[in-house]
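Report on the structure given below.
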Amino acid sequence: MTQNIEIERRGAVQIIRMNRPEKKNALTRAMYAAMADALTGGDADPAVRVHVFLGVPGAFSAGNDLADFLAIATGGEGGSEVWDFLLALAGSQKPIVSGVDGVAVGIGTTINLHCDLTFATPRTVFRTPFVDLGLVPEAGSSLLAPRLLGRQGAFALLGLGEGFSAERARDAGLIYDVVEEGRLEDATLAAAEDIAAKPPEALRIARDLMLGSREELKERIRIESQHFRERLASDEARAALMAFMNRRKA
């Protein structure tokens with residue numbers, strides 16, 4: 001595990017909390033590995049019935065840590081931790097609930113496409129600036145977003161990188177409900193506890209029927225990941241990432 005990912009059990013609910021507030025929960029490879037382990041471990045544990053993702057006040061996640069990206073883009077190895085997490089997320093055998101407050105960029109948005117229920121605060125903005133960074137959509141979002149948002153809504157999110165307010169995300173079907181900041185965790189955990197109290201086998205079958213086969217999703221994640229790594233090594237992406245990092249330093 002890593003100190004930036006906190007794992008807590010509340011009865012049958014497993015809470016996975018991203019806790020790197022000084023970086024707005026930008027995800028490192030170690031954080032991805034810890035979350036993948038939590039998901040697979042929780043799936044294997046009959047005492048766990050629901051996974052919950054939470055961030056910190058004002059930040060669910062700012063996306064991938066750009067220092068990790070730049071290391072890979074300039075010839076470094078790595079990235080399997082991201083792949084492991086995405087496959088664990090796509091293949092989760094237990095329902096997933098998330099509570100999102102504030103910053104939700106990149107994976108901070110796309111993780112919620114895999115959630116069965118997502119609650120967000122009014123100040124939350126969902127944004128995926130993949131193309132702006134010379135990259136491509138990830139986490140199966142190129143498959144899931146068009147199904148949820150329609151082709152044009154998905155293009156606005158994934159292609160234009162347009163920000164979706166919490167209200168717009170709810171109306172589009174990207175999230176379940178909008179709740180005030182002070183109620184976010186209570187509402188998220190109450191929903192998780194309600195789910196955990198359901199007959200587990202009946203719920204598993206119902207969820208599997210709604211989700212259908214996960215193989216198409218996993219294959220899309222594989223294809224996206226291949227393109228993503230190729231783009232990371234491209235001159236276009238390196239220039240865009242360096243320009244972004246320089247703007248942040250200015």
Side-chain angles (χ1 to χ4, degrees), residues 4-6 8 10 13 15-28 31-32 35 50-66 89 95-133 135 137-139 141 144-145 148-150 152-195 244-245 247-250:
N4 297 132
I5 298 295
E6 297 179 352
E8 179 185 353
R10 294 193 188 180
V13 176
I15 302 169
I16 303 170
R17 186 187 298 275
M18 295 168 279
N19 187 29
R20 195 189 181 200
E22 72 280 6
K23 295 293 184 179
K24 297 183 180 179
N25 285 344
L27 298 179
T28 63
M31 293 169 73
Y32 276 114
M35 292 193 295
V50 186
H51 303 293
V52 171
F53 281 99
L54 294 171
V56 296
F60 184 65
S61 175
N64 292 285
D65 185 276
L66 291 182
L89 186 65
I96 304 173
V97 181
S98 60
V100 183
D101 179 33
V103 176
V105 176
I107 189 68
T109 287
T110 58
I111 193 174
N112 299 290
L113 297 172
H114 298 267
C115 293
D116 299 282
L117 290 176
T118 292
F119 297 85
T121 62
R123 67 178 173 179
T124 300
V125 177
F126 297 91
R127 185 165 178 263
T128 60
F130 301 123
V131 173
D132 292 340
L133 295 174
L135 302 171
E138 39 84 305
S141 58
L144 297 175
L148 285 172
L149 308 175
Q152 296 198 14
F155 188 83
L157 181 71
L158 301 176
L160 289 179
E162 196 171 288
F164 277 46
S165 67
E167 290 79 7
R168 182 179 180 186
R170 178 194 58 203
D171 294 344
L174 177 62
I175 68 171
Y176 174 63
D177 203 3
V178 180
V179 298
E180 294 301 319
E181 293 159 25
R183 293 188 52 246
L184 177 66
E185 292 204 10
D186 286 345
T188 303
L189 293 172
E193 289 164 1
D194 284 347
I195 293 169
F244 181 79
M245 294 288 280
R247 286 196 300 273
R248 287 177 61 179
K249 293 176 183 177

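Please read these numbers as outputs of a predicted model, since none were measured by experiment.
The residue from Ile96, Val52, Val100 that alone fulfils the side chain to side chain contact (heavy atoms under 4.5 Å, CB included) condition with Cys115 is Ile96. Checked against Thr109 for a side chain to side chain contact (heavy atoms under 4.5 Å, CB included), the options Thr128, Thr124, Val125 give a single hit: Thr128.
For the atom pair CD1 of Ile5 and CE of Met18, the computed distance is 6.5 Å after rounding to the nearest 0.5 Å.
In this structure, Asp194 has no side chain to side chain contact (heavy atoms under 4.5 Å, CB included) partners at least two apart in sequence or on a different chain. The side chain to side chain contact (heavy atoms under 4.5 Å, CB included) search around Pro129 returns Val105, Arg127, Asp132, not counting sequence neighbours. Under the ring pair (Phe, Tyr, Trp, His ring centres under 6.0 Å) criterion, Tyr32 pairs with Phe85, not counting sequence neighbours.
Of the possible donor and acceptor atoms, none in the side chain of Ser98 sits under 3.5 Å from a partner among the backbone N and O of Phe53. The backbone N or O of Asn4 lies less than 3.5 Å from no partner atom in the side chain of Asn19, so there is not a single donor-acceptor pair. Looking at Asn25, its side chain never comes within 3.5 Å of a backbone N or O of Gly55 through a donor-acceptor pair. Of the possible donor and acceptor atoms, none in the side chain of Thr110 sits under 3.5 Å from a partner among the backbone N and O of Ala139.
Side-chain contact between Asp65 and Arg20: present, with at least one pair of heavy atoms (C-beta onward) separated by less than 4.5 Å. In this structure, the side chains of Lys23 and Thr28 stay at 4.5 Å or more apart for every pair of heavy atoms.
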Counting only pairs under 3.5 Å, give me each side-chain donor-acceptor contact of residues 175-185, with atom names and distances, residues two or more places apart or in other chains.
from, atom 1, to, atom 2, distance (Å)
Glu181, OE2, Arg123, NE, 3.4
Glu185, OE1, Arg17, NH2, 3.1
Glu185, OE2, Arg17, NH1, 2.8

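What you find for Ile107 and Ser61 is that their closest heavy atoms are CG2-OG, 4.2 Å.
Residue pairs meeting the ring-ring contact (aromatic ring centres under 6.0 Å, His included) criterion with at least one partner in residues 96-117, sequence neighbours excluded, do not occur; the list is empty. Listed by first and then second residue, the salt bridge (Lys or Arg N to Asp or Glu O under 4.0 Å) pairs that reach into residues 108-120 are Asp116-Arg207, sequence neighbours excluded.
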